[in-house]
Amino acid sequence: MNHTVKEIQSQFKLLRLAETAEELPQLLREAEKSSWTYLEFLEAITHFELKKREAKSVERRLKWARFPYQKTLLEFSIEAQNSLSERQLTQLQEINWLEQQYNLILLGPPGVGKTHLAVGLGIEAINKGYQVYFVTMGELIQLLKTEEFTHKSQVQMKRLRASDLIIIDDLMYMAMDQREANLFFQMINHLYEQSSIILTSNKSPDQWGELMGDEGITTAILDRLLHRVEVIHMNGDSYRMKNRQSLF
């Protein structure tokens, strides 16, 4: 490597193009070998840099999302599901529903793949440039209750509210008290028509009232969640609601 190349590498690093600087000798060898034009060489440099930046951006968004594990939709067993067809899974995978700010509610007993499907869709969204945040219902209630006085909770709730897609896992696994139900409603109200939400639950929406203990708050939450929604009962017939816009 001659001195001129080292100088250019240093300049690339000053421009915060460190990885392109490291790759420069290889790009120069390829350019000489393939007789690239100046334009082709510039295109190769910019393509490499953009590819590296996107990979880093995806990595940051995956870290931000806080998934319990990273399982993709390729690992999801559609054959085990009675209520979700291959066509519907493909439709969900295209993430158009997120652009239209649809919500998804995945219902069913433990072990049927609700969380896996939610995480897989979250990863698809991240790969398409969206910000995603995953939280269990228990964690969420704790964050909401401590947000006023805990910096860590404030940071996490700020990230949640800034996300395009929020996945709330294991909704209604336990009853809420009045304050918890109010805080949950305020959050749902804030996200309404701003972000999409995926909820997983083993309780159908018509059972949520008894767990929240307040029919008024439950109705207000359901009004917002079920406006544009697809409710999928995993391992069974799809749960259908009247007076709602359907994705499928």
Side-chain angles (χ1 to χ4, degrees), residues 8-30 41-78 89-104 106 113-140 142-143 147 150-170 187 190-191 194-200:
I8 295 172
Q9 283 182 295
S10 296
Q11 289 167 357
F12 272 175
K13 288 175 181 176
L14 286 172
L15 292 168
R16 297 185 180 179
L17 303 174
E19 293 194 68
T20 299
E22 293 297 323
E23 186 70 10
L24 185 60
Q26 177 60 35
L27 289 169
L28 284 167
R29 284 192 290 271
E30 188 65 31
F41 182 58
L42 284 172
E43 186 180 20
I45 288 176
T46 53
H47 177 74
F48 178 83
E49 180 62 29
L50 288 171
K51 188 177 176 182
K52 285 293 181 181
R53 287 191 181 193
E54 177 54 26
K56 281 188 172 181
S57 181
V58 167
E59 190 179 331
R60 280 195 303 271
R61 292 196 298 272
L62 282 170
K63 188 176 179 181
W64 173 302
R66 300 166 72 252
F67 293 128
Y69 48 74
Q70 291 185 24
K71 287 186 179 179
T72 68
L73 292 181
L74 289 175
E75 302 168 77
F76 182 73
S77 178
I78 188 68
L89 183 61
T90 300
Q91 191 176 348
L92 291 174
Q93 193 169 357
E94 289 170 352
I95 311 296
N96 293 330
W97 52 273
L98 205 160
E99 293 174 15
Q100 301 167 40
Q101 292 178 337
Y102 266 83
N103 299 321
L104 301 177
L106 311 178
K114 302 186 301 296
T115 304
H116 183 171
L117 179 57
V119 168
L121 290 170
I123 291 172
E124 287 292 326
I126 283 172
N127 289 334
K128 288 180 168 62
Y130 292 101
Q131 202 85 269
V132 179
Y133 190 92
F134 179 100
V135 64
T136 66
M137 189 61 181
E139 290 170 337
L140 177 59
Q142 189 63 23
L143 288 173
E147 184 181 7
T150 304
H151 178 67
K152 183 179 177 182
S153 296
Q154 290 166 5
V155 169
Q156 293 302 323
M157 287 306 301
K158 186 177 180 180
R159 288 184 177 184
L160 182 151
R161 294 188 181 100
S163 296
D164 304 295
L165 173 62
I166 296 93
I167 300 170
I168 304 174
D169 195 38
D170 213 8
M187 188 204 72
H190 177 85
L191 297 174
Q194 173 182 300
S195 307
S196 287
I197 302 172
I198 297 179
L199 303 172
T200 76

Worksheet item: With a 4.5 Å limit on heavy-atom distance, are the side chains of Glu49 and Thr46 in contact?
Response: no
Worksheet item: With side chains defined as the heavy atoms from C-beta onward, is the minimum distance between Glu54 and Leu50 less than 4.5 Å?
Response: no
Response to the item:
When rounded to the nearest 0.5 Å, the distance separating CD1 of Ile8 from CG of Leu15 is 11.5 Å
Discussion item. Ile45 vs Leu17, test: side-chain contact (heavy atoms from CB on, under 4.5 Å). Steps then yes/no.
Written reply: CA-CA 10 Å; Ile45 288 176; Leu17 303 174; over 6 Å; no
Item to complete: Answer yes when Glu19 and Lys56 have at least one side-chain N-carboxylate O distance shorter than 4.0 Å, and no when they do not.
Response: yes
Practice prompt. Decide if atom CD of Glu59 counts as having more than 12 heavy atoms of other residues, nucleotides or ligands within a radius under 6.0 Å.
Written response: no
Worksheet item: Run the side-chain contact (heavy atoms from CB on, under 4.5 Å) check on Ile167 and Arg66 step by step: do they pass?
Response: CA-CA 10 Å; Ile167 300 170; Arg66 300 166 72 252; over 6 Å; no
Worksheet entry | CG-CG distance between Leu121 and Leu98, expressed to the nearest 0.5 angstrom | 9.5 Å
Discussion item. So Met157 and His190, do their side chains get closer than 4.5 Å, heavy atoms only?
Written reply: no
Worksheet item: Ser163 and Arg159: side-chain donor and acceptor closer than 3.5 Å?
Response: no
Discussion item. Would Val155 and His151 count as a side-chain contact (heavy atoms from CB on, under 4.5 Å) here? Give the steps.
Written reply: CA-CA 6 Å; Val155 169; His151 178 67; 3.5 Å; yes
Fill in: Between CD1 on residue Ile168 and CG on residue Asn103, distance to nearest 0.5 Å
9.5 Å
Worksheet, complete the sentence: Heavy atoms of Ser195 and Ile166 approach each other most closely as CB-CD1, 3.6 Å
Worksheet entry | Leu165 and Trp97, any side-chain heavy atoms less than 4.5 Å apart | yes
Item to complete: For Arg29, check side chain to side chain donor-acceptor pair (under 3.5 Å) against everything at least two apart and list the hits.
Response: Gln26
Worksheet item: Taking everything shown except Gln194 itself, do over 12 heavy atoms lie less than 6.0 Å from its CD?
Response: yes
Worksheet item: When rounded to the nearest 0.5 angstrom, what distance separates CG in Leu143 from OG in Ser153?
Response: 5.0 Å
Discussion item. I need the full list of ring pair (Phe, Tyr, Trp, His ring centres under 6.0 Å) pairs touching residues 54-78, with sequence neighbours left out, sorted by first then second residue.
Written reply: Phe76-His116
Discussion item. Between Glu124 and Lys128, does any side-chain N to carboxylate O distance fall below 4.0 Å?
Written reply: yes
Worksheet entry | Residue pair Ala125 / Ile95: nearest heavy atoms and the distance that separates them | N-CD1, 4.1 Å
Discussion item. Does Thr200 form a side-chain contact (heavy atoms from CB on, under 4.5 Å) with Leu117? I'd like the steps, not just the answer.
Written reply: CA-CA 10 Å; Thr200 76; Leu117 179 57; over 6 Å; no
Practice prompt. Determine whether Glu23 and Gln9 make a side-chain contact, defined as any pair of heavy atoms from C-beta on separated by less than 4.5 Å.
Written response: no
Discussion item. Less than 3.5 Å apart, any donor N or O on the side chain of Asp169 or Thr115 sitting next to an acceptor on the other?
Written reply: yes
